[in-house]
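Data first, discussion second: the structure below is written as structure tokens.
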4 protein chains.
Amino acid sequence: MAVDESGVSGARRRADARRNEQALLDAAAAAFLACGVNAPVRDIAARAGVGVGTIYRHFPTRADLVVAVYRHQVEACAEAGPTLLAGCDTPCVALARWIDLFVEFLVTKHGLAEALRSDDAAFEALHAYFLDRLVPVCARLLDAAAAAGEVRADVAAYELMRGVGNLCIGAGHDPRYDPRRLVDILVAGLRPQ
Amino acid sequence: MAVDESGVSGARRRADARRNEQALLDAAAAAFLACGVNAPVRDIAARAGVGVGTIYRHFPTRADLVVAVYRHQVEACAEAGPTLLAGCDTPCVALARWIDLFVEFLVTKHGLAEALRSDDAAFEALHAYFLDRLVPVCARLLDAAAAAGEVRADVAAYELMRGVGNLCIGAGHDPRYDPRRLVDILVAGLRPQ
Amino acid sequence: MAVDESGVSGARRRADARRNEQALLDAAAAAFLACGVNAPVRDIAARAGVGVGTIYRHFPTRADLVVAVYRHQVEACAEAGPTLLAGCDTPCVALARWIDLFVEFLVTKHGLAEALRSDDAAFEALHAYFLDRLVPVCARLLDAAAAAGEVRADVAAYELMRGVGNLCIGAGHDPRYDPRRLVDILVAGLRPQ
Amino acid sequence: MAVDESGVSGARRRADARRNEQALLDAAAAAFLACGVNAPVRDIAARAGVGVGTIYRHFPTRADLVVAVYRHQVEACAEAGPTLLAGCDTPCVALARWIDLFVEFLVTKHGLAEALRSDDAAFEALHAYFLDRLVPVCARLLDAAAAAGEVRADVAAYELMRGVGNLCIGAGHDPRYDPRRLVDILVAGLRPQ
DNA sequence: TATGAATGAGGGTTCATTCAT
DNA sequence: GATGAATGAACCCTCATTCAT
């Protein structure tokens with residue numbers, strides 16, 4: 001209707017949409033932290049200052065949103081693998097430090113660890129993304145450590161990561177339970193014999 | 001089998017109610033397995049072939065029901081502790097076997113491990129019951145093993161059990177993840193140094 | 001089964017039942033006071049220390065119970081009519097004092113006034129009883145006062161009593177509202193012209 | 001009819017919602033009439049042809065709905081006070097006619113009088129609204145009449161209105177009971193001496 | 001595109017009433 | 001007769017998802 005809007009509307013829309021998407025990601029991150037990854041859609045929309053429809057447009061499933069929220073950190077974690085392997089004295093140290101990174105990531109995102117183990121179909125995409133991106137990284141570290149004889153050779157990267165993920169569930173709710181300590185013990189248990 | 005079940009009419013009425021209660025416990029166990037411990041009240045009632053009111057009569061809160069469903073096994077597990085300690089060659093073996101029992105219990109009751117770590121207020125009673133009953137048992141085994149120098153002395157029974165419980169979450173959903181293996185690794189990580 | 005119970009059981013039952021009935025009436029009166037005439041059946045049963053079935057046996061409908069609870073006072077009120085008419089200086093004074101009695105009765109029985117005006121079918125018997133017993137008494141007083149020219153002649157006993165009953169609804173909930181004052185005003189309004 | 005209803009899409013959406021809200025108000029009024037102010041939410045929704053969620057969106061609490069249903073008439077009644085005072089021959093006539101309006105309002109809205117005297121916490125907002133809006137109006141009329149020596153000076157507007165409200169309870173259920181007649185008697189009782 | 005109103009399935013809880021014991 | 005366990009209808013409320021504007 002307004003004449004002057006047509007000229008730049010393509011670009012405008014893009015910019016608007018991108019700004020909206022970022023607001024949504026921030027809002028979702030905050031909501032996940034407060035209520036877990038199943039935070040009510042309306043909460044997220046309200047925090048972002050958009051309508052609920054906008055969420056569904058940008059992120060058709062909840063998993064899409066969760067993946068998007070954590071993508072940056074997942075990428076950072078994935079990229080840290082090779083770097084650590086190259087920079088540490090032994091593969092075992094690299095593995096331990098990489099797992100520390102992974103734990104730090106999960107522990108500070110309440111609800112993420114829960115989502116990772118949820119069998120809710122809505123999170124399939126999330127599972128797939130995490131596995132595709134991180135399991136190979138972990139596998140390389142694990143293989144290197146195993147090749148050096150520093151860890152048992154019969155542990156799969158997938159199960160190790162699932163174990164670490166599980167240990168991180170509920171972090172922060174209970175001062176008597178520190179996931180980092182338990183993950184350390186688990187990693188210690190990887191030593192041969 | 002039980003002597004007092006035949007006799008007078010007073011006991012008869014009780015027998016009826018008890019049979020119903022057992023049906024409810026079985027139904028709830030099945031529902032928990034299928035849908036987790038937050039299974040809809042109506043589902044449980046339907047499985048048991050009773051009205052919803054009957055559930056509320058027997059178990060006013062959900063926690064009451066959950067506790068009742070698992071009480072037998074919790075008791076059995078608790079009682080196994082001293083027995084194993086007395087019967088095994090070393091405290092460490094007793095600890096390992098007791099944890100195997102605990103894991104077997106959790107793994108076959110999908111939903112229980114989830115309930116144990118839920119921060120939903122409805123499960124406080126459940127948490128309390130588990131802690132009261134099992135943590136001391138675990139503590140004795142752990143202390144004995146530590147005294148024998150077989151495990152690190154700086155691990156609390158509570159955190160160990162929480163860790164084991166967490167590792168059991170999601171068991172059975174995924175053939176690539178076997179909680180028993182990971183718990184073994186965790187226990188191996190308890191060795192000194 | 002027990003031999004010695006058969007001999008006197010008829011009499012025993014009677015005594016038991018009567019005791020039960022009285023306990024129920026007391027319990028119901030207390031429950032009505034606390035929760036109104038729609039007090040939960042189970043509350044009443046619990047207060048009386050009997051099962052709910054016992055209530056239904058003695059008082060098939062709620063109205064039966066309500067009527068029974070208030071019968072004594074209704075009777076007393078009904079009997080006071082002729083006495084007052086005979087003993088007071090004028091019919092108008094008798095009428096006023098009789099209405100005071102009625103108000104006192106209603107005001108101290110929270111929930112009764114509400115029940116009297118309820119159109120719930122369960123209270124038909126209650127309405128009928130009140131009307132049968134009290135309206136004629138009021139009518140005699142009213143007629144006498146009208147005959148003496150002390151009150152308007154066009155007011156029916158039924159509507160007067162309903163009006164008084166309505167004014168008593170909610171008594172005691174609100175210190176700013178005193179049914180007695182308003183009933184006095186209503187009665188004053190009966191004066192001719 | 002309303003000028004701003006055509007125009008832009010923003011207003012259009014509003015118009016839809018407003019139409020819905022009006023349907024809800026009508027439906028609620030009908031439901032209140034049939035079942036009292038505690039009419040089931042679903043009934044009201046069904047009458048309005050909307051889902052229950054729509055009710056909760058527009059009127060989060062029942063009191064909100066009740067207030068909204070009666071707001072127009074309350075306002076009209078409140079505004080009639082000063083008009084009558086200015087237009088009638090004597091304050092007493094103005095008072096009587098204003099009370100007639102109030103009674104007409106209550107009598108045609110079965111369930112409202114009941115709601116007014118309910119001690120259910122859900123109706124606090126309703127009470128407050130009625131009191132805030134109507135008691136001052138009544139007080140002015142009453143004061144004027146008292147100043148003119150036409151009515152007793154010791155009657156508060158609040159208690160008078162409560163009395164009138166109470167007399168209107170159950171109107172229409174019983175042909176033998178006409179609230180208007182009794183209110184007239186009550187008002188007549190306000191005359192000095 | 002963005003909005004947010006509407007929908008309605010889904011889950012929780014209470015309580016009057018019946019009926020086997 | 002008395003009991004109280006069982007039933008299930010009837011309410012309430014929330015929230016994910018769709019879709020008209």
Side-chain angles (χ1 to χ4, degrees), chain A residues 9 12-14 16-17 20 38-46 49-58 60-62 122, chain B residues 8-21 24 38-46 48-58 60-62 122, chain C residues 9-10 12-14 16-17 20-21 38-46 48-58 60-62 122, chain D residues 8-21 24 38-43 45-46 48-58 60-62 122:
Chain A
S9 75
R12 276 265 176 82
R13 290 269 152 107
R14 275 268 159 91
D16 267 25
N20 252 336
N38 283 309
V41 179
R42 308 171 93 79
D43 275 18
I44 301 173
V50 303
V52 288
T54 306
I55 295 190
Y56 284 96
R57 165 173 302 277
H58 286 281
T61 77
R62 184 172 286 266
Chain B
V8 285
S9 71
R12 276 260 179 82
R13 207 181 302 119
R14 281 259 165 94
D16 247 38
R18 226 180 293 145
R19 217 171 308 134
N20 236 323
E21 190 161 321
L24 267 174
N38 282 311
V41 178
R42 281 201 224 300
D43 277 16
I44 301 173
V50 305
V52 290
T54 304
I55 295 190
Y56 284 99
R57 165 178 293 276
H58 287 280
T61 75
R62 185 172 286 268
Chain C
S9 73
R12 277 265 175 83
R13 291 268 153 110
R14 276 266 160 93
D16 266 27
N20 253 336
E21 191 159 320
N38 283 310
V41 180
R42 308 171 93 77
D43 275 17
I44 302 173
V50 305
V52 289
T54 304
I55 296 190
Y56 283 95
R57 165 174 301 276
H58 286 281
T61 76
R62 185 172 286 266
Chain D
V8 284
S9 71
R12 277 261 179 81
R13 207 181 303 119
R14 280 260 165 92
D16 247 38
R18 226 181 295 145
R19 217 173 307 135
N20 236 323
E21 189 160 320
L24 266 175
N38 283 311
V41 178
R42 281 210 224 293
D43 275 17
V50 304
V52 289
T54 305
I55 295 191
Y56 285 101
R57 164 178 294 276
H58 287 280
T61 76
R62 185 173 287 267

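Lettering of chains follows the sequences in order, A, B, ..., and the numbering in each one begins at 1. Below, all heavy atoms of this structure are taken into account, side chains as well, without hydrogens, waters or symmetry copies.
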Rounding to a whole Å, what distance do you find between [X]:[atom1] and [N]:[atom2]?
| X | N | atom1 | atom2 | result |
| --- | --- | --- | --- | --- |
| A/Ile44 | E/dG4 | CD1 | P | 16 Å |
| C/Ile55 | E/dA16 | CD1 | P | 10 Å |
| D/Arg57 | E/dA6 | CZ | P | 6 Å |
| C/Asn20 | F/dG1 | CG | C1' | 9 Å |
| D/Arg18 | E/dG4 | CZ | P | 16 Å |

Taking all heavy atoms of [X] and all of [Y], pick out the closest pair and write down the distance.
| X | Y | answer |
| --- | --- | --- |
| B/Ile44 | B/Ala39 | CD1-O, 3.9 Å |
| D/Arg42 | D/Val52 | CG-CG1, 3.8 Å |
| A/Ile55 | A/Val41 | CD1-O, 3.7 Å |

Open item on the list: Let me check I have this right: for DNA chain E, each base becomes ., (, ), [, ] or |, based on Watson-Crick or G-U pairs with both distances under 3.5 Å. What is the full string?
Closed with: .||||||||||||||||||||
For nucleotides 11-15 of chain E, give me every protein contact, N/O to N/O, under 3.5 Å, one pair per line with atom names.
{"residue": "E/dG12", "atom": "OP1", "partner": "B/Arg62", "partner atom": "NH2", "Å": "2.7"}
{"residue": "E/dG12", "atom": "OP2", "partner": "B/Val41", "partner atom": "N", "Å": "3.1"}
{"residue": "E/dG12", "atom": "N7", "partner": "B/Arg42", "partner atom": "NH2", "Å": "3.3"}
{"residue": "E/dG12", "atom": "O6", "partner": "B/Arg42", "partner atom": "NH2", "Å": "2.3"}
{"residue": "E/dT13", "atom": "OP2", "partner": "B/Tyr56", "partner atom": "OH", "Å": "2.6"}
{"residue": "E/dT13", "atom": "O4", "partner": "B/Arg42", "partner atom": "NH1", "Å": "3.1"}

Open item on the list: Which is more 5' along DNA chain F, the nucleotide nearest C/His58 or the one nearest B/Gly49? Just name the residue.
Closed with: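 In this pair, the answer is C/His58.
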Task: side chain to side chain contact (heavy atoms under 4.5 Å, CB included) partners of B/Thr54, counting only residues at least two apart - done: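 Checked B/Thr54 against side chain to side chain contact (heavy atoms under 4.5 Å, CB included); matches are B/Leu24, B/Val50, B/His58.
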- [ ] Please check the phosphate of E/dA5 (OP1 and OP2 only) for any side-chain N or O of D/Thr54 closer than 4.0 Å.
- [x]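 No.
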